[in-house]
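Right, one structure below, let's go through it.
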Amino acid sequence: MAYRGSVKPYVNFNAKHDAEILKKAMKGIGTDEDAILMLLTARSNDQRQQIKAAYKKAYGKDLVSALKSELGGLFEDLIVALMSPPTLYDATLLHKALKGAGTNDDVLIEILASRTGDEIKDIIKVYKKEFSNKLEKDICGDTSGHYQKLLVILLQGSREEDVDEGKIEKDAKDLYAAGEGKFGTDEEKFINILGNRSTEHLLKVFAAYKKIAGCDIEESIEGETTGNLENLLLAVVKCTKSVPAFFAEALYHSMRRAGTDDETLMRIMVSRSEVDMLDIRAAFKKKYGASLYTTIQEDTAGDYQKALLYLCGGQD
């Protein structure tokens with residue numbers, strides 16, 4: 001697999017030297033924000049962890065605390081997010097989504113619909129270690145009904161691996177019968193099929209579904225379900241078809257409304273920068289006819305903007 005992230009490991013990497021540069025950038029009156037953002041956006045997450053360790057060894061201080069005391073606003077939030085290991089970042093986002101007043105369902109839906117089974121298993125481990133609680137228990141305490149049921153299925157991270165040719169037609173018919181083909185909706189069917197089958201299998205089911213129903217599965221979900229369950233089912237379908245396209249759409253909506261949804265923008269740019277940012281950029285350009293880079297430029301400002309543009313990695 002070719003590497004599809006926009007942020008790559010820095011070639012002549014020297015953690016001790018990078019720690020010195022950061023120390024200098026934060027010394028005395030005023031902070032050299034440019035030096036900080038150019039260095040940290042040009043290092044992989046693994047390299048940032050090594051810089052953190054080298055900084056502590058050389059100066060006896062925590063690098064993240066030092067950065068927090070020097071920076072502010074959205075730029076500070078972004079830099080702190082970049083310093084967190086990816087699995088811990090996801091676990092912390094989920095904890096925050098569940099523990100505040102109300103639940104941030106967008107975060108639950110985005111992470112659980114888009115991460116691989118192995119990633120989800122790692123998140124559960126880190127969540128337990130960091131927050132001394134089970135993620136599943138916290139999700140069940142904060143959600144209910146069919147929505148909760150599908151979240152719990154996704155949390156198992158145990159989709160089937162293969163395509164069951166014998167089941168494709170049956171699954172498509174079952175989905176049709178559960179929604180379009182009856183009065184009311186049999187949500188359980190949607191949850192069990194979309195939550196458990198393999199990606200390759202589901203793609204074939206969606207094609208068969210279109211022939212039977214005369215419309216895409218997304219249209220049926222929109223017509224048959226509402227609220228968080230609808231949003232989660234749609235996210236699962238979109239991620240099955242293309243994870244980068246799912247994120248491209250989320251990025252577009254984070255910027256192209258009144259006001260910018262900086263939480264979403266930041267979360268996706270940080271968490272996908274070493275995974276599939278190049279594919280997200282391509283999907284963004286294809287769908288919206290504009291480059292992600294230009295859209296970020298038009299919607300953000302200052303050092304925060306500069307850092308996001310480095311994470312984006314270039315014009316398309």
Side-chain angles (χ1 to χ4, degrees), residues 1-15 17-18 21-22 25 32-51 67 71 73-86 89-90 93 110 114-116 119 238-239 241-257 260-316:
M1 280 287 286
Y3 183 78
R4 303 306 295 157
S6 51
V7 174
K8 300 175 176 66
Y10 190 70
V11 183
N12 300 312
F13 176 64
N14 179 331
H17 179 246
D18 283 352
I21 294 173
L22 290 171
D32 186 348
E33 280 91 354
D34 267 359
I36 294 171
L37 73 89
M38 284 174 78
L39 188 140
L40 292 176
T41 56
R43 304 293 183 271
S44 68
N45 193 285
D46 184 52
Q47 290 174 335
R48 290 180 210 128
Q49 304 314 315
Q50 293 176 55
I51 297 168
L67 288 164
L71 311 173
L74 291 167
F75 179 52
E76 176 193 330
D77 294 344
L78 181 60
I79 293 296
V80 170
L82 286 173
M83 295 306 298
S84 179
Y89 184 57
D90 278 350
L93 286 168
E110 180 191 296
S114 67
R115 303 303 189 254
T116 65
E119 285 169 343
K238 285 171 183 172
C239 288
K241 290 185 172 182
S242 164
V243 170
F246 169 75
F247 282 115
E249 187 183 336
L251 283 169
Y252 182 81
H253 289 309
S254 77
M255 293 183 279
R256 282 301 181 235
R257 290 183 171 158
T260 307
D261 174 359
D262 290 294
E263 271 188 28
T264 300
L265 174 56
M266 204 180 303
R267 191 171 66 236
I268 298 174
M269 295 306 292
V270 169
S271 61
R272 307 314 286 186
S273 59
E274 289 181 55
V275 186
D276 52 4
M277 188 53 71
L278 301 181
D279 298 325
I280 291 170
R281 273 168 39 187
F284 193 95
K285 181 86 201 248
K286 188 177 167 202
K287 184 157 188 183
Y288 301 108
S291 83
L292 176 59
Y293 192 91
T294 311
T295 309
I296 291 171
Q297 242 172 351
E298 289 166 0
D299 241 70
T300 56
D303 295 316
Y304 171 58
Q305 177 201 70
K306 278 188 207 166
L308 286 171
L309 293 175
Y310 278 117
L311 293 179
C312 180
Q315 270 284 17
D316 292 299

Given 3.5 Å as the limit, does a donor-acceptor pair link the side chain of [X] with the main chain of [Y], or not?
| X | Y | value |
| --- | --- | --- |
| R48 | L40 | yes |
| S6 | L311 | yes |
| Q49 | M83 | yes |
| S84 | A81 | no |
| Q305 | T300 | yes |
| D276 | D279 | no |

Taking all atoms of both residues into account, what is the closest heavy-atom pair of [X] and [Y], and its distance?
| X | Y | value |
| --- | --- | --- |
| Y10 | A42 | CB-O, 3.5 Å |
| I36 | A25 | CG1-CB, 3.8 Å |
| S44 | P9 | CB-CA, 3.8 Å |
| E33 | L71 | CG-CD2, 4.1 Å |
| R43 | V7 | O-CG1, 3.4 Å |

F13 atom CZ, over 12 foreign heavy atoms within 6.0 Å
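Above 12, so yes.
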
Should the pair R281-D316 be classified as a salt bridge under the 4.0 Å nitrogen-to-oxygen rule?
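Counted as a salt bridge, because a side-chain N and a carboxylate O are separated by less than 4.0 Å.
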
Salt-bridge test for K306 and D34: reply yes if a basic N is under 4.0 Å from a carboxylate O, no otherwise.
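Salt bridge between K306 and D34, a charged N being under 4.0 Å from a carboxylate O: yes.
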
Could you check whether Y304 and D262, counting side-chain N and O atoms only, form a donor-acceptor pair closer than 3.5 Å?
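Side-chain D/A pair, D262 to Y304: present.
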
Within this structure, what is the CG-CD1 distance for the pair L74 and I79, rounded to the nearest 0.5 Å?
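So the CG of L74 and the CD1 of I79 are separated by 12.0 Å.
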
Criterion side chain to side chain contact (heavy atoms under 4.5 Å, CB included) on M269 and I296, from CA distance to verdict
CA-CA 11 Å; M269 295 306 292; I296 291 171; 3.8 Å; yes

